[in-house]
Amino acid sequence: MTKATLFTNGRIFLSPLSPGQNAGLHTPPSFASCLLIHNDTILHVGSPEDEPITTALSSGEQVETVDLAGASLLPGFIDGHMHLMIMGQSLTKLDLGACKTLADIQSTIRSYAAANPHVPRILCRGWMHSMTPGGVTAKDLDGLDIPGREGGERPILVDTKDLHSAWCNTAGIRDLGAQEWKDVPGGTIERDAEGKVTGVFTEAANITYVWPYLARVASVEERVAAIQAAVEAYHAVGYTGAVDMAMDEGAWDALQELRRRSSWTTDGQEGIPLRIAAYWLVKPGKNDEENVKQVERAIELAKEFNAETTPDCRIVGVKVICDGIIDACTAGLSEPYEHNGHREVPLWTAGQLIPVVKKADEARLQVALHAIGDEAIKTVVDVLIAHASPERRPRVEHLELSSAKDAERLGKAGITASIQPVHADPAILRAWPKLLGAHRCARAFAYREFADHGAPLALGSDAPTAPHPPLPNVYVGTTRRSYREPDYETTVNPHFALGVAEAVAAASQGVAYSCRDENRIGRLEKGFKADFTIVNMEWEKEKLKEAKVLETWFDGNKVWSAKN
């Protein structure tokens, strides 16, 4: 059964730029007043007097009319950097984000443990190193479970907000089998003077050991349910697509199982109502052979799941985490950290990266490299310019502390700047001046430079390491103010801000372009997929924090409504 729907009396956002370009700081948004869709496809965008609209209304066929009542209709947001299954799992984890101190963390976990006596493991999220400046060990979590509990204390496992570190109690060390773990390149298993594991695991050790553990102890049903929960949470904030930036076997198997079970079909294929492009995570191996073998697995999967066979669930490239983060003092910097004189080097050297990048590029896969510190950014830009074909649209993730020279090189090479403005929220950067010094903080989150030098922008959230809704992300990117704490007066380098139309386009069209899907999704144009979100909003950057998503439409179907 065919159906047509006309959306009228609203502001239909028209992208002010061509794919791969940026609108600039001062380009105002432009709008049409109505949009006509037929089944899953956009038929026309314009005004009520346009011939396609008048013809549809006079044809005798039933056309449903939706009065937008002045609301804005935007392309469906696409999260340019997130972690699908972990995002879903995080929705059921104890959130420690409101904690300020170790005592707060302990009290929160103790209360949760007493209120949830039957969960087998106490899984938490949102820990930040700034909450525990003196460091932590398993002993800091011991004794928080129900006193005298039959079977002994349950494992407690705490993720940092950024997912780069994990911390567990003594029962958790046993459950993980961590005493038997061997050190891995680019990771740290913290040990005491006697060599015993203390319960904190960072960077590659967390990725290599803890992430697979969490996937292993979760049943297939739990993993499938987590992805389903993530899809529903994404619809509720206006997303119709997402780019998974650390896909692995456990998450991929669960995603395929959900697709098989789903009653949803798009273009005649089983699927889910969220368009997924995935980058396969390449973990640091012992040698080039181990690293390249992981790329070969991505190549194998991409031959089966690609734009021609499964356009809404495909493997598009590989992802490598090349350094850590500023707050954990694991980002690769060219100068020592201000507070302790340490200088962390990137987790991957150029020599280790080159075989991975060349293998993926030769197979026509995209390459996404995580780089936060200026030394890591320089390394990955060097490697991508030398060994990744521009037409593959290579990308750098995060780019939190770049030099002016590398911001320019990134743009001139056309490398996608995959950025997460929500990480630039001033309220979570209070430790940066102490860690970096004021002179380096002045280079933080240089989005304006990336855009002005020509780097395509793709906005993402990095969920669940940060809040996933796209409109707060746009707010922080354009105002450089805090969304988390609206009364917090500090701004972060406001001269690096994005324009409103520029940021909205980068969060939709820009992400589609970044993974070579810009001719199908990301814009409101004739022939494109009918993916969009209806938002009650004012097109002024300071008022974006008040914007409310009213409805989300995917493939011409309403998949979420604030009224329900």
Open item on the list: Looking at every heavy atom in both K541 and T479, which two are closest together, and how far apart are they?
Closed with: O-CG2, 3.6 Å
Task: Approximate separation, where rounding is to 0.5 Å, of D288 CG and I354 CD1 - done: 10.0 Å
Task: R409 side chain near K378 side chain, heavy-atom distance below 4.5 Å - done: yes
Task: Q228 and E232: side chain donor to acceptor below 3.5 Å - done: yes
- [ ] Decide yes or no on side-chain contact (heavy atoms from CB on, under 4.5 Å) for R481 and Y475, but give the supporting numbers first.
- [x] CA-CA 8 Å; R481 294 176 59 84; Y475 172 79; 3.9 Å; yes
Open item on the list: Tell me if a side-chain donor or acceptor on T309 pairs with a main-chain N or O of E304 at a distance below 3.5 Å.
Closed with: yes
Task: Least distance between heavy atoms, V45 atom then L35 atom - done: CG2-CD1, 3.9 Å
Task: Pair E362 + K358, salt bridge at N-O below 4.0 Å - done: no
Open item on the list: Using salt bridge (Lys or Arg N to Asp or Glu O under 4.0 Å), reason through R275 and D555 one step at a time and then give a plain yes or no.
Closed with: CA-CA 10 Å; R275 306 192 196 280; D555 248 5; 2.8 Å; yes
Task: Ion pair E397/R395, N-O distance below 4.0 Å - done: yes
Task: Parallel, tilted or perpendicular, as decided by the 30° and 60° cut-offs, for the rings of Y239 and Y234 - done: parallel
Open item on the list: With no hydrogens and no angle check, just 3.5 Å: does a side-chain donor-acceptor pair link S403 and D374?
Closed with: no
Task: Residue among F77, W539, F7 satisfying ring pair (Phe, Tyr, Trp, His ring centres under 6.0 Å) with F13 - done: W539
Task: H495 and R448, any side-chain heavy atoms less than 4.5 Å apart - done: no
TODO: Drop me the distance from I315's CD1 to R297's CZ, to the nearest 0.5 angstrom.
DONE: 8.5 Å
Task: Neighbour count above 12 (heavy atom, 6.0 Å) for K359 NZ - done: no
Open item on the list: Would you say S461 and Q420 are linked by a side-chain donor-acceptor pair, where the criterion is simply a distance under 3.5 Å?
Closed with: no
Task: Ring-ring centroid check F305 W252, cutoff 6.0 Å - done: yes
TODO: For side-chain contact (heavy atoms from CB on, under 4.5 Å), just list the numbers for W348 and V282, CA-CA rounded to whole Å, side-chain angles, deciding distance to a tenth of an Å, and then say yes or no.
DONE: CA-CA 11 Å; W348 289 66; V282 177; 4.0 Å; yes
Task: Any donor-acceptor N or O pair under 3.5 Å, side chains T465, D162 - done: no
Task: Geometric class of the Y447/F450 ring pair [parallel <30°, tilted 30-60°, perpendicular >60°] - done: tilted
Task: E296 with K293: basic N within carboxylate O range, under 4.0 Å - done: no
- [ ] Would you please say whether a donor-acceptor pair under 3.5 Å links the side chains of R259 and Q256?
- [x] yes
Task: A298 to V318 - nearest heavy-atom pair and separation - done: CB-CG1, 3.7 Å
TODO: Give the intermediate values and the outcome of salt bridge (Lys or Arg N to Asp or Glu O under 4.0 Å) for residues E449 and R443.
DONE: CA-CA 10 Å; E449 288 185 355; R443 291 294 316 162; 2.7 Å; yes
Open item on the list: Could you check whether K563 pairs with E551 (Lys NZ or Arg NE/NH1/NH2 to Asp/Glu carboxylate O, under 4.0 Å)?
Closed with: no
Open item on the list: For the CZ atom on R261, are there more than 12 heavy atoms of other groups (residues, nucleotides or ligands in this structure) within a distance under 6.0 Å?
Closed with: yes
Task: Any donor-acceptor pair under 3.5 Å from Q366 side chain to P394 backbone - done: no
Task: R260 vs E257, salt bridge (Lys or Arg N to Asp or Glu O under 4.0 Å): CA-CA, chis, key distance, verdict - done: CA-CA 5 Å; R260 285 189 289 269; E257 180 61 25; 2.9 Å; yes
Open item on the list: Tell me the closest heavy-atom pair linking K3 and N557, and the distance in Å.
Closed with: NZ-OD1, 3.4 Å
Open item on the list: Is it the case that the side chain of D323 and the backbone of G373 share a donor-acceptor pair, with hydrogens and angles ignored and the cut-off at 3.5 Å?
Closed with: yes
Open item on the list: I need the minimum non-hydrogen distance between D425 and S482, along with the two atoms involved.
Closed with: OD1-OG, 2.6 Å
Open item on the list: L498 vs L459, test: side-chain contact (heavy atoms from CB on, under 4.5 Å). Steps then yes/no.
Closed with: CA-CA 11 Å; L498 302 175; L459 259 66; 4.2 Å; yes
Open item on the list: Using 0.5 Å steps for rounding, measure from the CZ atom of F528 to the CG atom of D40.
Closed with: 13.5 Å
Task: Expected output: side-chain N306 to main-chain A302 donor-acceptor under 3.5 Å - done: yes
Open item on the list: Looking at G24, is its backbone amide N or carbonyl O close enough to the side chain of E502 to form a donor-acceptor pair, meaning the two atoms are under 3.5 Å apart?
Closed with: yes
- [ ] Side-chain contact test, heavy atoms from C-beta onward, threshold under 4.5 Å: evaluate it for I276 versus D312 and give yes or no.
- [x] no
Task: Pair R314 + D517: basic N to acidic O under 4.0 Å - done: yes
- [ ] Quick one: do D462 and H468 satisfy side-chain contact (heavy atoms from CB on, under 4.5 Å)? Show the steps, please.
- [x] CA-CA 7 Å; D462 202 12; H468 63 281; over 6 Å; no
TODO: Would you give the length of the straight line joining atom CG of D531 to atom CH2 of W553, rounded to the nearest 0.5 angstrom?
DONE: 12.0 Å
Task: Interatomic spacing from CZ in R11 to CZ in F31 - rounded to 0.5 Å - done: 5.0 Å
TODO: Give a yes or no on whether a salt bridge exists between R520 and E525, defined as a side-chain N under 4.0 angstrom from a carboxylate O.
DONE: no
TODO: Over all heavy atoms of both residues, which pair between D79 and G460 is shortest? Give the atoms and the distance, please.
DONE: OD1-CA, 3.2 Å
- [ ] Answer whether the closest heavy-atom distance between the side chains of H44 and I53 falls below 4.5 Å.
- [x] yes
Open item on the list: Please determine whether a side-chain nitrogen of the Lys or Arg among D253 and R223 lies less than 4.0 Å from a carboxylate oxygen of the Asp or Glu.
Closed with: no
Task: side-chain contact (heavy atoms from CB on, under 4.5 Å), paired with E400, selected from I325, I372, I377 - done: I372
TODO: Output yes when a side-chain donor or acceptor of D244 lies under 3.5 Å from a complementary backbone atom of L84, and no otherwise.
DONE: yes
Task: Expected output: side-chain T41 to main-chain I37 donor-acceptor under 3.5 Å - done: no
Open item on the list: Can a side-chain donor-acceptor contact be found between H370 and H398 if the only test is distance below 3.5 angstrom?
Closed with: yes
Task: Side-chain (D50) to main-chain (P52) donor-acceptor, under 3.5 angstrom - done: no
TODO: Taking R523 for its side chain and E518 for its backbone only, find out whether a donor-acceptor pair lies under 3.5 Å.
DONE: yes
Task: Any C322 side-chain heavy atom under 4.5 Å of L347 side chain - done: no
- [ ] Decide yes or no for V559 and W264: does some side-chain heavy atom of the first lie under 4.5 Å from some side-chain heavy atom of the second?
- [x] yes
Open item on the list: Within the 3.5 Å criterion, strictly below it, is a donor on D361 or H387 matched to an acceptor on the partner's side chain?
Closed with: no
Task: Backbone N/O of F496 and side chain of N493: donor-acceptor pair under 3.5 Å - done: no
Open item on the list: Just verifying a value: how many Å separate I521 CD1 and T240 OG1, rounded to the nearest 0.5 Å?
Closed with: 6.5 Å
Open item on the list: Just so I know, are the side chains of Q21 and P456 near enough to count as touching, which here means a heavy-atom distance under 4.5 Å?
Closed with: no
Open item on the list: Can you confirm whether F445 sits close enough to I419 that some side-chain heavy atom of one is under 4.5 Å from a side-chain heavy atom of the other?
Closed with: no
